[in-house]
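Everything below concerns the one structure shown next.
The structure presented is a predicted model; accordingly, all values stated were derived computationally and were not measured. For ligands, and for the atoms within them, numbers begin at 1 and follow the listed sequence.
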Amino acid sequence: MDASSSDALELTLPTLDATEALARRVAPLLRAGDTVLLSGPLGAGKSAFARALLRDMAGDPVLDVPSPSFTLVQSYETRRGIVHHYDLWRIEPGPDLRELGLDEAFTDITLIEWPDRLGADTPPGALRIALVPLADGQRRACLAGWPDRLRNLMEPS
Ligand SMILES: Nc1ncnc2c1ncn2[C@@H]1O[C@H](COP(=O)(O)OP(=O)(O)OP(=O)(O)O)[C@@H](O)[C@H]1O
Ligand SMILES: [Mg+2]
């Protein structure tokens with residue numbers, strides 16, 4: 001692990017297990033009103049991250065978490081509050097967005113894949129997680145936006 005700047009945390013995720021372990025570290029940080037923006041190219045691991053996070057929050061290691069790429073949003077009642085998982089891949093910025101109930105969702109916990117579609121509707125104060133596939137198949141993760149809450153993220157628990 002290395003910190004690339006005072007506000008961002010960068011780490012290498014060698015395997016899917018590492019992606020899932022990171023999600024389980026982030027899960028306990030979340031509370032009502034929080035948004036996690038999950039960016040990265042097709043197949044970067046955004047849905048895998050969201051699945052592990054939701055399973056942890058629900059306390060159910062086999063919870064069914066389908067990718068919301070067609071339904072656009074799937075909502076979950078977890079032990080730690082309602083979580084809305086969006087995939088905005090097919091959304092055009094503009095009127096489409098207003099039909100997604102985002103304003104109400106933002107009062108709960110929201111996980112958003114393809115957050116670039118939000119444009120000016122991007123909520124301030126979100127945790128931004130970018131996943132980047134490396135040439136060798138590993139992933140690079142960059143977490144930004146919550147310097148205080150991220151400070152102790154990778155300490156032994
Ligand atoms: N750290 C990692 N190293 C190697 N493979 C990984 C890692 N994290 C996730 N993967 C793999 O990446 C693949 C794609 O994951 P996923 O479907 O979550 O991507 P996505 O970013 O949601 O893609 P899309 O934009 O198409 O929805 C999965 O097969 C998953 O096992
Ligand atoms: Mg996905």
Side-chain angles (χ1 to χ4, degrees), residues 1-5 8-30 34-78 80-94 96-97 99-102 105-106 108-119 121-123 126-146 149-150 152-157:
M1 184 186 79
D2 54 285
S4 64
S5 80
L9 179 68
E10 275 206 42
L11 40 157
T12 300
L13 305 172
T15 61
L16 171 61
D17 277 355
T19 298
E20 294 175 341
L22 176 62
R24 289 192 292 269
R25 294 277 181 158
V26 171
L29 304 180
L30 303 183
D34 284 342
T35 298
V36 180
L37 305 176
L38 287 168
S39 62
L42 285 169
K46 303 179 294 295
S47 294
F49 181 97
R51 185 173 297 119
L53 188 148
L54 280 158
R55 286 177 172 173
D56 188 81
M57 292 189 75
D60 178 354
V62 295
L63 180 71
D64 188 28
V65 181
S67 169
S69 41
F70 289 98
T71 54
L72 299 178
V73 59
Q74 302 275 349
S75 299
Y76 301 83
E77 271 190 52
T78 77
R80 319 244 331 278
I82 297 172
V83 185
H84 306 282
H85 177 200
Y86 282 89
D87 184 325
L88 303 182
W89 165 246
R90 297 185 309 127
I91 292 290
E92 298 284 336
D96 274 6
L97 273 179
E99 290 168 23
L100 289 175
L102 277 162
F106 285 146
D108 300 315
I109 297 168
T110 46
L111 308 178
I112 304 186
E113 298 185 44
W114 297 100
D116 55 306
R117 309 301 198 253
L118 291 170
D121 294 315
T122 304
L127 172 62
R128 303 186 302 277
I129 301 180
L131 297 173
V132 180
L134 303 177
D136 60 5
Q138 300 186 73
R139 306 292 193 267
R140 192 84 181 143
C142 180
L143 292 78
W146 288 1
R149 284 198 255 176
L150 293 178
N152 302 320
L153 189 72
M154 300 313 286
E155 299 206 337
S157 53

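Contact annotation: for Arg51 versus ligand 1, there are no heavy atoms closer than 4.0 Å. With a heavy-atom cut-off of 4.0 Å, Leu16 touches ligand 1 through backbone and side chain alike.
Considering backbone and side-chain atoms together, Phe49 places no N or O closer than 3.5 Å to any N or O of ligand 1. The shortest N or O to N or O distance between Ser67 and ligand 1 is not under 3.5 Å. Residue Arg139 has at least one N or O atom closer than 3.5 Å to an N or O atom of ligand 1. For ligand 1, the polar-atom distance check against Gly45 finds a nitrogen or oxygen pair separated by under 3.5 Å.
Under a 4.0 Å N-O distance rule, the pair Asp34/Arg80 does not qualify as a salt bridge.
Residue Pro14 places a heavy atom under 4.0 Å from ligand 1. Ligand 1 does not have Ala18 within reach: every non-hydrogen atom of the residue lies 4.0 Å or more from it.
Other residues, nucleotides and ligands contribute only 12 or fewer heavy atoms inside 6.0 Å of the CD atom of Glu77.
Distance remark: protein heavy atom present below 4.0 angstrom from atom 16 (P) of ligand 1.
Of all atoms in ligand 1, numbered sequentially from 1 with element shown, those under 4.0 Å from a heavy atom of Gly137 are 3 (N), 4 (C).
When you scan the N, O or S atoms of Glu113 for the one nearest the Mg ion (ligand 2), you land on OE1.
Residues Phe49 and Ala23 come closest through the heavy atom pair O-CB, 3.3 Å.
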